[in-house]
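Okay, structure first, notes after.
Computation of the quantities below employed the complete heavy-atom set of this structure, encompassing side-chain atoms and omitting hydrogens, waters and symmetry-equivalent molecules.
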Amino acid sequence: MAELNQDTTVYAGFYRRYAALTPEITLFLFLSYIWLLISPASHLEYLYLMNAESELLSEHEKILSILYNVASGLIFIFYYSFMLSRSGATYGKKILGIKVVSSVDGEYIGFGRAFLRYIGFIISCMLLFLPLIIQPFTKRKQALHDKTSKTVVIDEEGRTGWVTFLVFIAFFASFGLYVYQIVSTAEGRKALEAIEANIAYLEQAQEANNAAGIDQQVENNQPIVNEIIEITEDVS
């Protein structure tokens, strides 16, 4: 690729960049929906394991839940890193006509750099998305993970806003279909009820722990309180 021309390069905007994530998410939801139709009990078991807190899971279920989430994360992060190192774009970015390139020379970045860039994106999400929000206000429309990895996202195709809009519609439609299928099945309602019961149990456990902590604190401070009472009586 040619070196970036600061005067003519068009950088991808906020909505287009994050709309580019939705085709892969939409595909994932569609495959999950197919899995839900074929084997609802199996799918909803995993859904429950992914959402339930570990206090109510057996050791086997804890391991299964961890492996499921780790495997899903690794598959996506390796896909992301491979595609960026090969062509500068995932399929979602290709649909939106944008690419990730080096901010120094405009070349595609390597696999390791793309991997670290995605780790930076995950950290930004964990920080309440604040490092992502700064992106529209920077000169080259760079989020924090762009700056740390020395990358920019360029708009090569100049697609219209209708493309972004249609991508979002496809995402919300598939997500709505997926949720509807869950709540409309007996297995789905059972899984959701189990999750709600789990949340209620954890809230009760937390309240009990808080109450026990207060009682323990009062018990620990009781000798000091008694001494203060004795001193007050002596002064009186």
Over all atoms of both residues, closest heavy-atom pair of [X] and [Y]:
{"X": "Phe115", "Y": "Ser81", "answer": "CA-OG, 3.2 Å"}
{"X": "Ser87", "Y": "Lys94", "answer": "OG-CE, 3.4 Å"}
{"X": "Pro131", "Y": "Ala143", "answer": "O-CB, 3.7 Å"}
{"X": "Ile98", "Y": "Ala12", "answer": "CG2-CB, 3.7 Å"}
{"X": "Gly92", "Y": "Pro23", "answer": "CA-CG, 3.6 Å"}

Legend entry - Plane angle bin for Phe76 and Tyr118 - parallel if under 30°, tilted between 30 and 60°, otherwise perpendicular: tilted

Inset, instruction - Using the six-membered ring wherever Trp is involved, compare the ring planes of Tyr18 and Phe121 and label them parallel, tilted or perpendicular (cut-offs 30° and 60°). - result: parallel

Tell me, do [X] and [Y] make a side-chain contact under 4.5 Å, heavy atoms counted?
{"X": "Arg113", "Y": "Ser102", "answer": "yes"}
{"X": "Tyr11", "Y": "Val153", "answer": "no"}
{"X": "Lys93", "Y": "Tyr80", "answer": "yes"}
{"X": "Ser103", "Y": "Gln142", "answer": "yes"}
{"X": "Arg17", "Y": "Gln135", "answer": "yes"}
{"X": "Ile109", "Y": "Val101", "answer": "no"}
{"X": "Lys150", "Y": "Asp105", "answer": "no"}
{"X": "Cys125", "Y": "Leu132", "answer": "yes"}

How far does [atom1] of [X] sit from [atom2] of [Y], to the nearest 0.5 angstrom?
{"X": "Leu127", "Y": "Ile122", "atom1": "CG", "atom2": "CD1", "answer": "12.0 Å"}
{"X": "Ile119", "Y": "His145", "atom1": "CD1", "atom2": "NE2", "answer": "12.0 Å"}
{"X": "Thr90", "Y": "Leu96", "atom1": "OG1", "atom2": "CG", "answer": "9.0 Å"}
{"X": "Leu84", "Y": "Arg86", "atom1": "CG", "atom2": "CZ", "answer": "12.5 Å"}

Inset, instruction - Starting from the C-alpha separation in whole Å, work towards a yes-or-no answer on side chain to side chain donor-acceptor pair (under 3.5 Å) for Tyr108 and Lys99. - result: CA-CA 9 Å; Tyr108 297 146; Lys99 288 184 177 181; 3.1 Å; yes

Inset, instruction - List the steps, then state whether side chain to side chain contact (heavy atoms under 4.5 Å, CB included) holds for Asp146 with Arg140. - result: CA-CA 10 Å; Asp146 294 312; Arg140 305 175 75 180; over 6 Å; no

Inset, instruction - Decide if atom OH of Tyr15 counts as having more than 12 heavy atoms of other residues, nucleotides or ligands within a radius under 6.0 Å. - result: no

Inset, instruction - Give a yes or no on whether Tyr79 atom OH has more than 12 heavy-atom contacts from other residues, nucleotides or ligands under 6.0 Å away. - result: yes

Do you reckon [X] sits in the same ILVMFWY cluster as [Y], going by side-chain contacts under 4.5 Å, direct or chained?
{"X": "Ile123", "Y": "Ile77", "answer": "yes"}
{"X": "Phe137", "Y": "Leu128", "answer": "no"}
{"X": "Phe78", "Y": "Tyr91", "answer": "yes"}
{"X": "Val104", "Y": "Leu144", "answer": "no"}
{"X": "Val100", "Y": "Phe14", "answer": "yes"}

Inset, instruction - Return yes if a side-chain donor-acceptor contact under 3.5 Å exists between Arg117 and Thr151, otherwise no. - result: yes

